[in-house]
Amino acid sequence: MNQATVHHLISSKAKEKNPDSLFELRLAANLGLIQQLFHSLYPEEKHSKAFDKLLKLLPKLFASRPEELKLQDLARIKSGNWYQSEKMVGMQLYVEHFNKDLKGLQEKLPYLKDLGVNFLHLMPITPRPKGENDGGYAVNAYYGVAKQYGTAKDLMALTEELRKQNMFLMLDFVVNHTSDEFQWAKKAKAGDKKYQDFYYTYGDDVIPKEFEKSLPEVFPETSPGNFTYIPEMERWVMTVFNSYQWDLNYTNPEVFLEMLTNLVKMVNQGVDVVRFDALAFLWKKMGTISQNLPEAHQLISLFRMCLQVAAPGTIFLAEAIVAPLEIVKYFGEESRRGNECEIAYNASLMALLWNSIATKKTLLLYKSLTSVPEKPQDCTWINYVRCHDDIGLGYEDRFIQEIGWNPHQHRKFLLDYYCQRLDWSPSTGLLFMYNPKTEDGRITGSGASLLGLEKALKENDSKLIEAAVSKIIMLHGIILSFGGIPMIYAGDEIGTLNDYSFLKDEAKKDDSRWVNRPKQDWNIISKLSGKESPQSKIFNTIKRLIAIRKKHPFFADDNNLQLLHTGNDHVLAFERSGKQQKGLLVLCNFDEKPQVIESRWMLKLGYFSKGDPINLVSGEKIIFSSGLLRIKPFEIIWLKKG
Ligand code: GLC
C-alpha cells in the first residue's frame, strides 16, 4: 500500500476529534514493515527481547505527545501533504547570528512574514561542548536548549507562536553521532561496557586499521582518519567526522530504542520536520565506504515507521549530500518506496547550478538531472542555493567526460574559479578541506561573494555589481520555481558577503565553512525601503517572487517538472505544468552575454496562443523578433501560459 492510500484510509477512519484513534490506525498500517525491518536489521535470537521492548515503547511514546500536537497531527493527516504546497518558503538560520537568541528570533517573525517565509530551519540549539563543537553538530543532548539560546520555555513559546501563525519548524536530529561529552560517551569513558557498546569501540587498532582501508575521510585537513584513541577508556572509538564526534553503533538495537526515544522527545517540543543529519553514514561495514548502505536505508525506514506511530504529523528531511542517484533512494525504494524520508535536500541541483555559473553552460545539469528516476509522488525536495556547509563537486565523472571535459581538470577549474585562483573570476570563495596531493577540495563562501558581489563592490564596478545581483536573483528564482520547498539561507536575501571574523576565533579558524555563517545585518535591513541599493534590489525582488509563487498552484510540487532543451547550451529551461492547471515556463541565461532561443517549440507547448505573454519576474511583455526570444545576461523569465 502506498503512502497516499494509507493516508487516505487513516484520514477517513480517524475520528473527528479523537486523535488517539490515530495511534491504532498508524500502528496497524505500519506494524508489518516495522517488524520486517527490525528483524532484518537484528536477526539474532538474542535481540528478540529488544523487539518486545519496542512494542511496549511505542504506545508510551505516543502517550507522551502533547494533546495540542496530537490534534494538529489529526488535522494534518486530513488536509494532505502541506510540505508540497506552493505556499511553503523556508529560511535556514543560526539563532545566535540572526537576533541573539530564541526570544530575539521570535521578535523578528514579522520580518520573516513580510518576506514571505513560513518555514524555519534553526541550526542546532541543543547543549554542546565548549570550544570546538562543529557548529552544534556535536551534541551533548538531543532535546532542550543550550543556555546561550535561552530556555526550554523560550523554545515552547516560540513553537506555540509559530503554530499560531501557521508557520513550520525544522530542527536537526544528529542521528549518526554524539559529542564525546554526551552522557553515554562519559559512561563509556568511565569503563561502562554497556555504553562502550553504544559506540564502535575497540581495545586495539586491528579492526580500526581494517576499516581505514576502505573508509574515506570527511574532514581530512582537520580530522584525518576515522578513529580516535581515548586514553581514559584505553580504547579506540570510531569518529568519522571530527575526533570529538563519536559514531553511534546501530548494530546494537538498544541504541535504536534510546535514539527513537530521544527523537520523540525532540519532536514533541513542537517540531514539524526532522532534519536527519548525515543519515548516509548510519551503518558501517568493513570493506565498504560505509555510506548509503542498504542497512542504513532500512534503519531510516524503521525510524520513520515508528515516528509515524508516535508522532504522526511529523516528517523527515534526508541530509544526504551524496551522488544524484543515491539521494533519491532516501525517499525509499521498491517495497519501501515513499517510506523513508518525505523530503530530501536537492544537493545535486545546488552543485550543478554552481557548475553552470562557472562554466556558463547547462549541459552537465541536464545530463545529471535527467539520469535520476522520478521521485515518489508524496515526496519533495528542499531546493537551495547555499547553506552553512561547503559545496562539494560530486558530479558523475562519466557525464563530465561525455561533454568532452577531463573530470580532474574540470574540478580543478571549479576550485580555481571559485577560490580566488583565477584573476578574471568574479568569485571570492575559500577552499575547504583541500588536499594538495590529490588536488581535491570543496568550496565555501557566501552566495553573494561566490557570485561576485564582494569583488564588484570593492572595485566599485557598476557593471559587475549588476551582473552579481542578477545572478543572485536568478539562482533564487530557480529554487523558488523548481518544485519543492525553496530554502533561503539567512542573509542571502540581502546579498550578505563573506564574514572573515572566524579567522580570529581559535575554535573556528580551521573550518572555513564559518566564512558563510554571518550575522544578520539589521542595519542594512532597516534601509531596504530607502534608495535603490544592490541589497534592496535583491531583497525586494526575492520578496516579489515569493509572493508570485504563493499565488500560483503550479508552483506546488506535484511531480510536474520537466526539463526542456532549447538548443542553446547557456540556457536552462523547465516547465511546471499542473495537471489541470495552466503551466509555467522558466528560462534562465547563465551567460554574461544576451542569448537567443527559437520560439517554435514554445509555440508548440502553447505559450503564445493568446497574444504576447507576460514575464512574471519583470512584469513585462515578452517580445519576439524574427521568431527568436532574447534573454538578457543572467536573466530569469517566468512565462505563464496565457
Ligand atoms: C552535517 C552538517 C554538517 C556537520 C555534519 C556532521 O553534514 O550539515 O555541518 O559538520 O553533519 O554532523
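Along the sequence shown, residues carry numbers from 1. Counting starts at 1 for both ligands and their atoms, in listed order. As a basis for the values below, the full set of heavy atoms in this structure was taken, side chains included, without hydrogen atoms, waters or symmetry mates.
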Given the options T444, D134, D390, R513 meets side chain to side chain donor-acceptor pair (under 3.5 Å) only with D134
State whether the side chain of Q269 and the backbone N or O of G144 hold a donor-acceptor pair below 3.5 Å, judged by distance alone. yes
Using heavy atoms and a threshold below 4.0 Å, how should the contact between F219 and ligand 1 be classified: side chain, backbone, both, or neither? side chain
Could you find the nearest protein heavy atom to atom 1 (C) of ligand 1 and give me its residue, atom name and distance? D277 OD1, 2.7 Å
Distance flag, aromatic centroids of H388 and Y137, threshold under 6.0 Å: yes
Is it true that E342 and R304 have a side-chain N and a carboxylate O under 4.0 angstrom from each other? yes
Distance under 4.0 Å to a non-hydrogen atom of D389: what atoms of ligand 1 satisfy this? 2 (C), 3 (C), 7 (O), 8 (O), 9 (O)
For atom 7 (O) of ligand 1, closest protein heavy-atom neighbour: E319 OE2, 2.9 Å
Do other residues, nucleotides or ligands put more than 12 heavy atoms under 6.0 Å from the CD atom of E232? yes
Just to confirm my output: which protein heavy-atom neighbour is closest to atom 4 (C) of ligand 1, and how far is it? D134 OD2, 3.3 Å
Ligand 1 atoms nearer than 4.0 angstrom to some heavy atom of H177 are 6 (C), 12 (O)
Determine whether any heavy atom of R275 lies closer than 4.0 Å to an atom of ligand 1. yes
Salt-bridged, K209 to E212, with N to O below 4.0 Å? no
Hey, is CZ on F539 packed in by over 12 heavy atoms from elsewhere, all under 6.0 Å? yes
N or O pair under 3.5 Å between R517 and ligand 1: no
Which of the numbered atoms in ligand 1 are below 4.0 angstrom from a heavy atom of H388? 2 (C), 3 (C), 8 (O), 9 (O)
